[in-house]
Protein chains: 2
Amino acid sequence: MKQLKLSNQLCFSFYALSRLVTSHYQPLLGALDLTYPQYLVMLALWEHDILSVKALGQQLMLDSGTLTPLLKRLEIKKLIKRVRSKEDERIVNIHLTTAGRQLQQEAADIPEKISCSMGFTTEEYNTLKPMIDNILKRHADE
Amino acid sequence: MKQLKLSNQLCFSFYALSRLVTSHYQPLLGALDLTYPQYLVMLALWEHDILSVKALGQQLMLDSGTLTPLLKRLEIKKLIKRVRSKEDERIVNIHLTTAGRQLQQEAADIPEKISCSMGFTTEEYNTLKPMIDNILKRHADE
DNA sequence: TGGAATTCAATTGCACACAATCTAATTTTA
DNA sequence: TAAAATTAGATTGTGTGCAATTGAATTCCA
């Protein structure tokens, strides 16, 4: 039953690593009053300014059951605005507010700090990033 | 602001991959009426038969706030038993029941099926496993 | 063109995660 | 040895994730 040993399971390593990384973000993001998933939404919006809930879901691989309440919390914090589209009333577009746009400056040093905190080597980054993105890509429809 | 681009963030890849993997377990584990974290607990118990809540937490890197309710659900399903230690009454030891032990046979083919479903290559396994476990190890105290 | 199918977001319900706090038991140490 | 500190687990509260369902809007197509 070697296959059933916890320590041999690659998937458990992924699961543990994901939570480890999130825990390293927590003190940095807590200072901005953001959670990690909320930070990911802000990242996407800093890049695109306006995105529909569906487009956000595709980028973050999250569905409306996760995003709708998360976006409501960001709206309460005045970082975003939810605007139902005039052209297609099924669509809700997420806009950055001025405060949301300003937060980008405060978040500018987070990637550097995380990389330092996690202690990623150049080799790790250069190996892991393309290999994992390749796995994600070949399951892109899920 | 290249660093703040979502697509450049290694940590987002970890986060997305973890959820992708869990989603591949779901149909297999659903047939056994287990969630992925519950499956991880069963894996640890199939290997060790009896573990304290603390020992489980160390292996899975989860705290009692997560484990206590999860273990209660496994106990309701009659897969485990929670037994407070006689020697040190602060400790709760988790025992496998007969049903819990029997479930191991039904789960025996899951690692193979997941590997197939995810399509991991030998190279991916041989590269990712040691590299990620090395990252986890150097943060082992968290 | 009008009913069927599809799409988008919201809602509901359940199960994690985890910070913070609490209680009880044990160990340390002054 | 008794008070202080530590430890183990439970509890509370907040915020995800995600399956399943719903409802409204739009598109398809016979």
Side-chain angles (χ1 to χ4, degrees), chain A residues 12 14-27 29-42 51-58 60-77 80 82-94 142, chain B residues 12 14-27 29-42 51-58 60-77 80 82-94 142:
Chain A
F12 172 67
F14 295 156
Y15 166 78
L17 179 60
S18 176
R19 286 185 297 116
L20 176 67
V21 163
T22 302
S23 74
H24 279 245
Y25 274 99
Q26 200 281 327
L29 294 178
L32 306 184
D33 190 28
L34 288 178
T35 65
Y36 184 62
Q38 288 168 12
Y39 169 69
L40 293 177
V41 167
M42 296 307 292
L51 285 169
S52 67
V53 174
K54 179 183 169 61
L56 267 173
Q58 287 170 337
L60 305 183
M61 305 183 211
L62 292 170
D63 72 2
S64 68
T66 300
L67 284 174
T68 296
L70 187 159
L71 293 170
K72 283 181 180 174
R73 284 187 280 271
L74 286 178
E75 189 170 39
I76 288 170
K77 296 182 204 178
I80 66 162
R82 294 154 70 244
V83 183
R84 197 162 285 273
S85 165
K86 284 276 171 32
E87 300 84 52
D88 185 339
E89 293 204 357
R90 293 170 302 182
I91 297 173
V92 169
N93 286 307
I94 309 301
E142 304 152 28
Chain B
F12 172 67
F14 295 156
Y15 166 77
L17 179 59
S18 176
R19 286 183 298 114
L20 176 67
V21 163
T22 302
S23 75
H24 278 246
Y25 273 100
Q26 200 280 326
L29 294 178
L32 307 183
D33 190 28
L34 288 177
T35 65
Y36 184 61
Q38 288 169 12
Y39 169 68
L40 293 177
V41 167
M42 297 307 293
L51 285 170
S52 67
V53 174
K54 180 183 169 62
L56 266 173
Q58 286 170 338
L60 306 183
M61 305 183 210
L62 292 170
D63 71 4
S64 67
T66 300
L67 284 175
T68 296
L70 187 158
L71 294 170
K72 284 181 180 173
R73 283 186 282 271
L74 286 179
E75 190 171 39
I76 288 170
K77 296 183 205 177
I80 66 162
R82 294 154 70 246
V83 183
R84 197 162 285 273
S85 165
K86 285 274 172 32
E87 299 84 52
D88 186 339
E89 294 203 357
R90 292 171 302 181
I91 296 172
V92 170
N93 285 308
I94 309 300
E142 304 153 26

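Treat the numbers as computed from the prediction; the structure is a model and nothing was measured. Naming: A, B, ... by sequence-line order, numbering from 1 per chain.
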Original post:
Got a salt bridge between R82(B) and E75(B), using NZ or NE/NH1/NH2 to carboxylate O under 4.0 Å?
Top reply: yes
**OP:** For I91(A) and for Y15(A), find the nucleotide of DNA chain C with the closest heavy atom, then tell me which residue's nucleotide is more 5'.
**Re:** I91(A)
**OP:** Tell me whether the OP1 or OP2 atom of dT16(D) has a side-chain N or O from Q38(A) closer than 4.0 Å.
**Re:** yes
**OP:** Return the nearest nucleotide to the side chain of K54(A); candidates are dC8(C), dG17(D), dC16(C).
**Re:** dC8(C)
**OP:** Check the pair F14(B) / F14(A) against ring pair (Phe, Tyr, Trp, His ring centres under 6.0 Å), numbers first and verdict last.
**Re:** CA-CA 7 Å; F14(B) 295 156; F14(A) 295 156; 8.4 Å; no
Original post:
So L67(B) and V41(B), side-chain contact (heavy atoms from CB on, under 4.5 Å) or not? Walk me through it.
Top reply: CA-CA 9 Å; L67(B) 284 175; V41(B) 167; 4.2 Å; yes
Subject >> Nearest-neighbour nucleotide for the T66(B) side chain, dG17(D), dT11(D), dC18(C) considered >> reply: dC18(C)
Original post:
If you check every side-chain atom of L62(A), which of dC18(D), dG9(D), dT26(D) has the closest atom?
Top reply: dC18(D)
**OP:** Take the protein atom CG of L71(A) and the nucleotide atom P of dT11(C), then report the distance between them rounded to whole Å.
**Re:** 12 Å
Original post:
For the residue pair L70(A) and P37(A), what are the closest heavy atoms and their distance?
Top reply: CD1-CB, 3.6 Å
**OP:** Compare the minimum distances between each of dA9(C), dA25(D), dA10(D) and the side chain of D88(A), then state the nucleotide with the smallest one.
**Re:** dA25(D)
Original post:
Within this structure, what is the CZ-to-C1' distance between R84(B) and dA10(D), rounded to whole angstrom?
Top reply: 8 Å
Original post:
Are Y36(B) and Y15(A) an aromatic pair by the rule of ring centers under 6.0 Å?
Top reply: yes
Subject >> 5′-ward residue of the pair R19(A)/K77(B) relative to DNA chain C >> reply: K77(B)
**OP:** Calculate the interatomic distance between N93(A) atom CG and dA9(C) atom P; express it in whole Å.
**Re:** 8 Å
Original post:
For dT11(D), does either OP1 or OP2 sit under 4.0 Å from a side-chain N or O belonging to K72(B)?
Top reply: yes
Subject >> Nearest-angstrom distance from the residue atom CG of L74(B) to C1' of dA15(C) >> reply: 12 Å
Original post:
Could you state the CE-C1' distance from M42(A) to dG15(D), rounded to the nearest angstrom?
Top reply: 17 Å
Original post:
What's the shortest heavy-atom distance between L34(A) and K77(A), and which atoms?
Top reply: CA-NZ, 4.3 Å
Original post:
What is the distance, rounded to the nearest whole Å, between atom NE2 of H24(A) and atom C1' of dC18(C)?
Top reply: 15 Å
Original post:
How many Å lie between CG on L29(A) and P on dA19(C), as a whole number?
Top reply: 13 Å
**OP:** Could you say whether E89(A) or T35(A) is positioned toward the 5' end of DNA chain D, judged by the nucleotide with the nearest heavy atom to each?
**Re:** T35(A)
Subject >> Of the listed nucleotides dC8(C), dA9(C), dA10(D), the one nearest the side chain of R90(A) >> reply: dC8(C)
Subject >> Atom-to-atom span, CZ of R73(B) to C1' of dC14(C) - whole angstrom >> reply: 8 Å
Original post:
Nearest to the side chain of S64(B), which nucleotide is it out of dC16(C), dT11(C), dA10(D)?
Top reply: dA10(D)
**OP:** Identify whether any heavy atom of Q26(B) sits under 4.0 Å from a base atom; if not, whether one sits that close to sugar-phosphate; answer base, sugar-phosphate or nothing.
**Re:** nothing
**OP:** Tell me which of R82(B) and T22(B) sits closer to the 5' end of DNA chain D, going by the nucleotide each one is nearest to.
**Re:** R82(B)
Original post:
How would you label the contact of L70(A) with the nucleic acid (heavy atoms, under 4.0 Å): base, sugar-phosphate, or nothing?
Top reply: sugar-phosphate
Original post:
Nearest of dC16(C), dC18(C), dC8(C) to any side-chain atom of D63(B)?
Top reply: dC18(C)
